[in-house]
Each structure stands twice: as structure tokens, then as C-alpha cells.
Amino acid sequence: MTELANFFHMGGYAWYVWPSMAITFVVLLANVWFSKRQFKSVLRETATRSKALAQKHAQRRSNKTTEQSS
Amino acid sequence: MRCIFQREWSVAMRNPGQWVNPLLFFIVVVTLFPLGVGPSPQTLSTIAPGVLWVSALLAVLLSLGALFDADYSDGTLEQLALSGQSLPVIVLAKVLVHWLLSGMPLLLMSPVLGLLLNLPSQAIPVLMVSLLLGTLSLSLIGAIGAALTVGLNQAGVLLSLLVLPLSVPVLIFGSSAVAAAAGDFAASGQLLALLALLILALSLAPLMASLALRNGVSGGT
Amino acid sequence: MFKWIHRFGSAPFVYRLAGALSPWVGMACLILLCAGIYIGLVVAPSDYEQGESYRIIYVHVPAAILSMFVYVVMAIASAIFLIWRLKLADVVAQASAPIGASFTFLALVTGSLWGKPMWGTWWIWDGRLTSELLLLFLYFGYMALRAAIEQPQSAARAAAVLAVVGVINIPIIHYSVEWWSTLHQPATISKMGESSMHPSMKRPLFMMIFGFQLLYAYVLLIRMRTGILQREARTSWVAQLPEVARD
């Protein structure tokens with residue numbers, strides 16, 4: 001138990017060592033998290049846009065065929 | 001080169017604000033420091049090199065913001081870029097004219113301001129030489145920033161953000177040259193460093209600025 | 001060969017390659033960082049001069065090294081983009097900027113947390129910290145310029161010019177700042193006796209540096225995929241991607 005307490009105490013430098021580790025952890029994690037989130041949102045955007053585009057194309061095509069038939 | 005120079009010169013002379021404003025800015029900023037720090041001659045003479053240099057740096061950079069704007073908005077820039085003349089040479093001519101109109105007056109005014117800040121008189125020649133070399137480099141570096149931000153709204157703040165970190169070496173060597181001279185030390189090392197920076201800026205900045213300008217002019221095409 | 005690189009077709013290839021590589025890179029990075037921090041904090045002996053506080057180097061030094069490394073990568077990619085107009089190089093440069101800025105920020109904060117017990121103040125205008133601060137400004141300038149120009153292609157080229165100018169300036173800024181700080185405080189305390197580090201302390205440091213590098217690679221791959229998607233949103237290969245076509 002004292003060993004663990006010693007470890008967290010960091011020879012009296014706990015207030016400098018642990019915040020450094022914490023901020024590093026936060027910054028690295030934020031890098032990964034934000035880039036993943038951005039990727040997902042761009043992917044979703046692209047998917048909806050390309051679907052809308054495909055629909056428009058299909059509509060135009062069907063319009064053309066109806067025009068030709070009439 | 002000469003006809004570009006003459007054209008720039010005659011255009012610039014029509015607009016006295018271009019050279020009066022930076023000079024006034026320089027004087028006003030320097031005057032603010034004793035009011036902010038206190039009038040003790042001792043303090044003033046310690047901070048004088050830094051104050052003079054920082055104020056000169058800001059005056060040069062702020063005046064550079066509009067270096068290409070007038071030519072950009074009336075289409076002259078586009079024509080110059082298409083004219084087949086080398087764009088770096090045009091940029092260099094514009095920068096030199098701009099420096100003669102804004103950097104040169106600062107240089108001539110600096111001894112007076114140095115005396116106001118209680119700068120030891122033996123430092124004044126060094127102050128002038130360092131400003132001569134330094135403001136030229138700053139104009140060249142600033143031209144890159146002005147070319148990058150040409151045609152943008154609120155280009156001024158962005159320009160400062162881009163260019164201030166790049167101008168740190170000039171500031172360091174310039175103010176330390178003056179500080180050394182004020183303390184009766186040799187300042188030749190710092191002045192040589194400033195000269196080296198100037199040569200580097202002379203050789204690279206026109207190229208980079210014209211690269212940026214060509215991009216700004218062609219827009220997205 | 002450049003014609004081949006130029007071809008639009010390389011974007012889908014890179015997109016898929018990045019997608020295939022990224023889980024492996026991420027896994028390797030996680031393992032390396034966990035092992036490195038464990039060995040660094042628990043196994044490595046404490047320093048006889050600085051006690052336990054020296055352990056901050058296991059996050060400070062990798063962040064500082066990477067902050068410079070990322071800028072150099074960004075500048076090289078920008079130069080490639082300017083010379084050969086290779087769009088993917090611009091994707092790399094754009095994706096690198098925020099990562100590099102975050103590493104620079106990290107190096108500053110951990111450096112300051114280390115400086116407090118070493119120097120007694122949170123901030124000291126020491127050569128290394130000051131040039132790190134200026135590097136952060138360079139990153140901010142790059143991102144601000146990019147954000148300010150609406151036309152994407154024009155923004156890309158302007159930002160590329162700025163990155164190249166910045167990388168020419170970095171050594172000059174670094175040496176002038178270093179010279180300046182020795183001028184004003186002749187007795188600077190060197191933060192670490194690099195040469196005198198014991199191998200058992202060095203090993204976790206190298207693991208952490210490599211782990212940070214892998215993290216950069218991992219985030220870069222994800223950001224590159226994002227950038228490619230944004231640029232090629234209207235192409236048919238994107239429309240045919242399974243993750244896009246699927247509802």
C-alpha cells in the first residue's frame with residue numbers, strides 16, 4: 001500500500017507530474033476523438049448528398065423517358 | 001525595372017498618407033511608452049532599444065497591409081502578372097518604393113525619438129544603421145504576408161499574425177545591436193547578422209511574394 | 001511517373017489504403033504508448049538530480065520533437081504541392097496542421113509544468129520554450145490563413161507558400177532566440193543532460209517518441225480520409241464506396 005502511495009506521491013512532485021500526464025492524455029485522446037468524429041460527419045454528409053444527387057439523376061431520366069413516350 | 005519604379009513612385013507621391021501615417025504611428029507609439037512605464041530616465045534608457053524597435057516593426061508591418069490592395073482591386077496587378085515582366089522584379093520595385101516612403105522617414109525620425117527616450121547618444125548611429133538594414137528586411141518579409149492576404153477582408157490582423165513570428169530574428173538582432181551600443185559594447189556582430197538576414201530576405205521574399213500574388217490574382221481558376 | 005502520380009485515380013487508392021492501415025497503426029500506437037508510459041513512470045529509476053520530476057520528459061520531449069517534425073512534414077508536403085500540384089500533398093499538409101499545433105501546445109504546457117519545480121517559475125524566456133511558442137504562432141497563422149480564404153484551391157496554395165516560408169524561417173528563429181536567451185541569462189540551466197541519461201531511462205523515452213509518431217500517423221490517416229472525401233465528394237468513386245452507398 002505504501003508503495004502505491006509513494007508512486008502517486010512522485011517524490012513530492014505529484015502536482016507537476018500527474019497534471020502533465022493528464023493533459024497529455026487529454027490532448028492525445030482529443031486528437032483521435034475529434035478527427036474520428038469529423039470523419040464520420042463528413043461521411044454522413046457525403047452519403048446524403050450523393051443519394052440526393054442520384055435521386056435527381058433518376059428523376060431526370062424518368063422525366064425524359066415520359067417526355068419521349070408522350 | 002526603372003519604369004516600374006518610376007510608376008510606383010509617382011502613384012505613391014499622389015497619396016501623402018502612405019508615408020505620413022506610418023511615421024505618425026511610430027511617433028505616437030513611442031510617446032505612449034513613457035506614459036505607460038513612467039518618466040524615470042533610467043528605466044527609459046533601458047527599454048529604449050526595445051521600444052524603438054518594436055514600434056518601428058509595427059509601423060512598417062501595419063503600413064504594408066495595403067501594399068498590393070489598390071493594384072489588386074483596379075486590376076493593375078492582373079495586367080502586370082500577364083504582361084510578361086518578371087513578377088518578382090515588380091514586387092521588389094514596389095517594396096523598395098514603399099520602404100523609401102515609410103521606412104526611410106522612420107529612420108530619419110529615430111534619432112529624435114531616441115533622445116526622447118534618453119538613449120545614450122553613442123547608440124544613435126547604430127540605431128540608424130540597424131533600422132536601415134532591419135526595416136528593409138521587414139518590408140520584404142511583410143510583402144510576403146501582404147501578397148498572401150491580398151484581396152481578403154480584414155487582412156490587417158491576419159497579416160500581423162502571419163508576419164510577426166517571422167520577423168522575430170530581425171527584432172532580436174536589431175534591438176540587441178542598439179542595446180549593445182548603448183552599453184558601450186561592439187554591435188558589429190548584430191549588424192552583420194542583420195545584413196545576412198537582409199540578403200536572405202532580398203533573395204527569397206520577392207520570389208515567395210510573387211508566387212503568392214500569382215495565386216491571389218488567378219483566384220480559383 | 002509524375003503523370004501517374006498526377007492522375008486523379010490515386011485518391012481512391014490512398015483513401016482505401018489509409019482505411020486499411022489505420023486500425024493497425026492505431027493498435028501499435030496504443031500498445032507502444034501504454035508500455036512506454038508504464039516503463040517510464042514505474043520501472044525507470046528516478047534521477048539523482050531532479051528526483052521524480054524528470055519523468056515529465058516522457059511526455060514533454062516527444063511532444064516537442066513531434067511539434068517540429070510535423071511542421072517539417074507539412075512544409076515538405078506543401079512544397080510538393082506547389083511544385084507538382086499534387087492534391088494529396090495538400091491533404092497531408094492540411095491534415096497535419098491541427099495535430100502539430102496540439103503537440104506544440106502540449107510541449108508548452110508540460111514544459112511549463114516541468115519548469116516550475118526546476119526554475120521556480122511557470123514560465124521562463126528560455127530559448128527552447130520561446131521558440132516553441134513562436135512555432136505555435138506559426139501553426140495558428142497557417143490555420144488562420146487557410147480559414148480566411150474562401151476559395152479552397154486558392155487557400156491551399158497560399159497556405160502552402162506560408163508553410164514553405166515558415167520552414168525556411170524556423171532554424172533562423174530558433175538560433176536567434178537561442179542566442180538571445182543566452183545573452184540575457186548566461187547561466188541557463190540545461191533541462192536535461194541528454195548525454196548523461198542512463199539507458200534504462202532512455203529506452204522508455206524512445207518508446208514514447210515512437211508512440212507519439214505513430215499517433216501522428218494514425219490521426220493523419222483519419223484526417224487524410226476526411227480531406228479526400230471532402231475534396232472528391234462529387235466523384236463517382238466516392239458515390240460507389242460501400243460506406244457512402246449504404247444507407
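Computation of the quantities below employed the complete heavy-atom set of this structure, encompassing side-chain atoms and omitting hydrogens, waters and symmetry-equivalent molecules. To find a chain, count down the sequence lines: A is the first, B the second, and so on, and within it residues start at 1. Model, not experiment: these values are computed from the prediction.
- Contact detail for C:Thr226 and A:Ser35: the closest heavy-atom pair is OG1-O, 4.3 Å.
- For the pair C:Phe103 and A:Leu28, the minimum side-chain heavy-atom distance is below 4.5 Å.
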Apply side-chain contact (heavy atoms from CB on, under 4.5 Å) to residues C:Leu215 and A:Val32 and explain how you reach the verdict. CA-CA 8 Å; C:Leu215 187 111; A:Val32 174; 4.1 Å; yes
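- Using a 4.5 Å cut-off between heavy atoms, C:Ile222 touches chain A through backbone and side chain atoms alike.
- Atoms CD1 and CH2, from C:Ile56 and A:Trp18 in turn, are 11.0 Å apart once rounded to the nearest 0.5 Å.
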Given C:Leu229 and A:Phe39, is the side-chain contact (heavy atoms from CB on, under 4.5 Å) satisfied, shown in steps? CA-CA 9 Å; C:Leu229 266 189; A:Phe39 176 68; 3.9 Å; yes
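- Heavy atoms of A:Trp33 lying under 4.5 Å from chain C are absent altogether.
- Taking a 6.0 Å sphere around CH2 of C:Trp24, one finds it holds 12 or fewer heavy atoms contributed by other residues, nucleotides or ligands.
- Among the candidates C:Ser22, C:Ser102, C:Ser112, C:Pro117, the residue making the largest number of heavy-atom pairs closer than 4.5 Å to chain A is C:Pro117.
- Annotation: maximal heavy-atom pairing with chain A below 4.5 Å, among C:Val219, C:Ile37, C:Leu33, occurs at C:Val219.
- Note that the CD atom of C:Gln230 and the CG atom of A:Leu43 stand 11.5 Å from one another [nearest 0.5 Å].
- If you measure heavy-atom distances from A:Ser50 to chain C, the contacts under 4.5 Å come from the side chain alone.
- Other residues, nucleotides and ligands contribute at most 12 non-hydrogen atoms within 6.0 Å of the NZ atom of A:Lys36.
- Contact between C:Phe105 and A:Ile23 at its shortest, heavy atoms only, is CE2-CD1, 4.3 Å.
- Across C:Ile99 and A:Asn31, no two heavy atoms sit closer than the pair CA-OD1, 4.0 Å.
- When heavy atoms are compared at a cutoff of 4.5 Å, A:Val27 approaches chain C solely by way of its side chain, counted from C-beta outward.
- What you find for C:Arg223 and A:Gln38 is that their closest heavy atoms are NH1-OE1, 3.3 Å.
- Here the NE2 atom belonging to C:His60 is positioned 10.5 Å from the OG1 atom belonging to A:Thr24, to the nearest 0.5 angstrom.
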